[in-house]
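Accompanying notes for the structure given below.
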Amino acid sequence: MSVLVYTESEQGKFKKTALEVASYAKAVANQLGTTVTAVAINTNDTSVLGNHGVDKVLNVSNSQLDTFNAKTYADVLKQAAEKESAKVVIVSSSADSKYLAPLLAVGLNAGFASNVVEAPSSTSPFTVKRTAFTNKAFSITTINTDVKLVAVSNNSFGLIESNGNASAEGFSPSVPESGVNVQSVDKATDKVTIADAEIVVSAGRGLKGPENWGMIEELADVLGAATACSKPVSDLGWRPHSEHVGQTGKPVAANLYIAIGISGAIQHLAGINASKVKVVINTDAEAPFFKAADYGVVGDAFEVVPQLIEKLKAFKAQQ
Ligand SMILES: Cc1cc2nc3c(=O)[nH]c(=O)nc-3n(C[C@H](O)[C@H](O)[C@H](O)COP(=O)(O)OP(=O)(O)OC[C@H]3O[C@@H](n4cnc5c(N)ncnc54)[C@H](O)[C@@H]3O)c2cc1C
């Protein structure tokens, strides 16, 4: 009856969201007086999971699962949940988990709460707090089904480290034929993706043209950040669509979001509301983004950004 958590990995390495959902699962398990079992697919380094609250890892090793397929993965997780008689199943809010969660909920006949931002306020009835209307409101939701499926909002709960040890157990579920075979995956970039990034450096039409993105990439490099942009920037072809952030683009839940030459239209803000600290650099002191910012610099990006890069480089050199 342990709490089951799906810990996502990429190229054998657990994603940050995996450690966050493991931490969340531990909080739920503590409330229920039970343990945490993680499902890890095609990765072996389980020690890091033990350090984030996991007691047991079901290691699935199967080349048919090398590329993500929502139906197949949901089926694997369903089998794991049934094997563990799990009553609470936790997943992240990654793009992959958003595809698989509804299928898993149907498979387990589970009530499903998405966008959950806090540990349950009660486990009987099972009550969680969720964001609604692109993070503009909260909803308090109870799940009344026997099995409960919870998707934790990225960056909402944080990582909680412990000194635990996770035992590892091989798990060989039957892997159904999905009917869809991914032949190859061409990633848009080998750099850190917007969804997984702790820091995002984003720029808008204030940059005037694609030829000026060198300083944005340099700032991102210094900070170990992902680069992003506003919608018009990707519409104009200045940057790839994979970088477009907002209501019609990707959501960003970074620890630090730096917006340079972006006005802060409501459709852009809808995508970055879940980010923790927002820094805005804009020439116009009346730009709406300043109302959403934690720190703001009223200034010309072409003057501010090179100075910021210089200062950060000097700071890093001293470390
Ligand atoms: C249905 C719908 C969906 C949409 N979805 C999205 C979405 O998902 N994401 C999104 O981003 N937009 C979206 N939009 C578009 C949105 O409404 C805005 O038009 C867009 O976000 C503006 O982009 P921007 O801030 O880069 O450009 P602008 O609005 O042109 O703003 C540029 C900013 O740069 C500043 N600036 C100019 N020069 C400098 C300088 N040298 N240094 C510093 N600052 C400078 C200006 O003061 C200004 O604030 C959507 C619109 C609609 C209608």
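Everything quoted here is computed from the prediction, not taken from an experiment.
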Drop me the distance from [X]'s [atom1] to [Y]'s [atom2], to the nearest 0.5 angstrom.
X: Leu256; Y: Ser275; atom1: CG; atom2: OG; result: 8.5 Å
X: Asp235; Y: Ser230; atom1: CG; atom2: OG; result: 8.5 Å
X: Ser93; Y: Asp96; atom1: OG; atom2: CG; result: 12.0 Å
X: Leu49; Y: Ser167; atom1: CG; atom2: OG; result: 11.0 Å
X: Phe126; Y: Lys148; atom1: CZ; atom2: NZ; result: 7.0 Å
X: Thr17; Y: Phe14; atom1: OG1; atom2: CZ; result: 11.0 Å

Verdict with supporting geometry, Thr145 and Asn109, side-chain contact (heavy atoms from CB on, under 4.5 Å): CA-CA 8 Å; Thr145 45; Asn109 204 11; 5.9 Å; no
Of all residues at least two apart in sequence or in a different chain, which pass the side-chain hydrogen bond (donor to acceptor under 3.5 Å, both in side chains) check with [X]?
X: Lys87; answer: Asp146
X: Lys16; answer: Asn155
X: Thr72; answer: Asn69

Check ion pair Arg239-Glu217 (N to O, under 4.0 angstrom):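 A salt bridge links Arg239 with Glu217.
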Where is the tightest heavy-atom contact between [X] and [Y], given as atom of each residue plus distance?
X: Ile262; Y: Ser202; result: CD1-OG, 3.5 Å
X: Ala220; Y: Thr227; result: CB-CG2, 3.6 Å
X: Ala22; Y: Val5; result: N-CG2, 4.1 Å
X: Ala27; Y: Ala119; result: CB-CB, 4.3 Å
X: Ile194; Y: Pro251; result: CG2-O, 4.4 Å
X: Pro125; Y: Ser122; result: O-OG, 2.6 Å

CA sep, side-chain torsions, deciding dist, call: Leu32, Val88, side-chain contact (heavy atoms from CB on, under 4.5 Å): CA-CA 10 Å; Leu32 293 170; Val88 181; 3.8 Å; yes
Test your reading of the model: is there a side-chain donor-acceptor pair from [X] to the backbone of [Y], 3.5 Å cut-off?
X: Asp55; Y: Val36; result: yes
X: Thr43; Y: Gly12; result: yes
X: Asn42; Y: Asn62; result: yes
X: Ser23; Y: Leu19; result: yes
X: Gln307; Y: Glu303; result: yes
X: Asn282; Y: Val298; result: no
X: Thr123; Y: Gln31; result: no
X: Ser234; Y: Lys231; result: yes
X: Asn59; Y: Glu169; result: no

Residue pairs fulfilling ring-ring contact (aromatic ring centres under 6.0 Å, His included) with at least one residue in residues 279-305, sequence neighbours excluded: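 The answer is His268-Phe289.
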Is there a side-chain contact between [X] and [Y] in this structure, where contact means two heavy atoms from C-beta onward sitting under 4.5 Å apart?
X: Lys15; Y: Ser9; result: no
X: Glu20; Y: Ser92; result: no
X: Ile258; Y: Leu223; result: yes

ILVMFWY cluster, [X] and [Y] together (side-chain gap under 4.5 Å):
X: Ile260; Y: Tyr257; result: no
X: Val277; Y: Val280; result: no
X: Val150; Y: Val117; result: no
X: Leu103; Y: Val106; result: no
X: Val297; Y: Ile216; result: yes

Show every salt bridge (charged side-chain N to carboxylate O under 4.0 Å, His left out) that has at least one partner inside [range], sequence neighbours left out.
range: residues 253-272; result: none
range: residues 261-276; result: none
range: residues 109-120; result: Glu118-Lys129
range: residues 308-319; result: Glu218-Lys313

Take atom [atom1] of [X] as the centre, draw a 6.0 Å sphere, and report whether it contains more than 12 heavy atoms from other residues, nucleotides or ligands.
X: Ile266; atom1: CD1; value: no
X: Gln11; atom1: CD; value: no
X: Glu286; atom1: CD; value: no

Verdict with reasoning, Thr37 to Ser2, per side-chain hydrogen bond (donor to acceptor under 3.5 Å, both in side chains): CA-CA 6 Å; Thr37 299; Ser2 57; 2.8 Å; yes
CA sep, side-chain torsions, deciding dist, call: Thr35, Lys56, side-chain contact (heavy atoms from CB on, under 4.5 Å): CA-CA 8 Å; Thr35 54; Lys56 182 170 88 175; over 6 Å; no
Any pair counted as side-chain hydrogen bond (donor to acceptor under 3.5 Å, both in side chains), so long as it reaches residues 247-256, sequence neighbours left out: Glu198-Asn255, His244-Thr248
Non-neighbouring partners of Glu82 that pass salt bridge (charged side-chain N to carboxylate O under 4.0 Å, His left out), sequence neighbours left out: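 Checked Glu82 against salt bridge (charged side-chain N to carboxylate O under 4.0 Å, His left out); matches are Lys78.
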Other ILVMFWY residues reachable from Val91 by side-chain steps of under 4.5 Å: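 Joined to Val91, directly or through intermediates: Leu4, Tyr6, Val39, Ile41, Leu58, Val60, Leu65, Phe68, Tyr73, Val76, Leu77, Val89, Tyr99, Leu100, Leu104, Leu108, Phe112, Val147, Leu149, Phe171, Val175.
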Other cluster members, Phe315 - Ile/Leu/Val/Met/Phe/Trp/Tyr, side-chain contacts below 4.5 Å: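 None, because no other hydrophobic side chain comes under 4.5 Å of this residue.
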Pair Arg205-Leu236, side-chain contact (heavy atoms from CB on, under 4.5 Å): steps then yes or no: CA-CA 9 Å; Arg205 209 151 41 180; Leu236 287 161; 4.2 Å; yes
Partner of Arg130 under side-chain hydrogen bond (donor to acceptor under 3.5 Å, both in side chains), chosen from Ser153, Ser156, Ser114: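 Exactly one pass, corresponding to Ser114.
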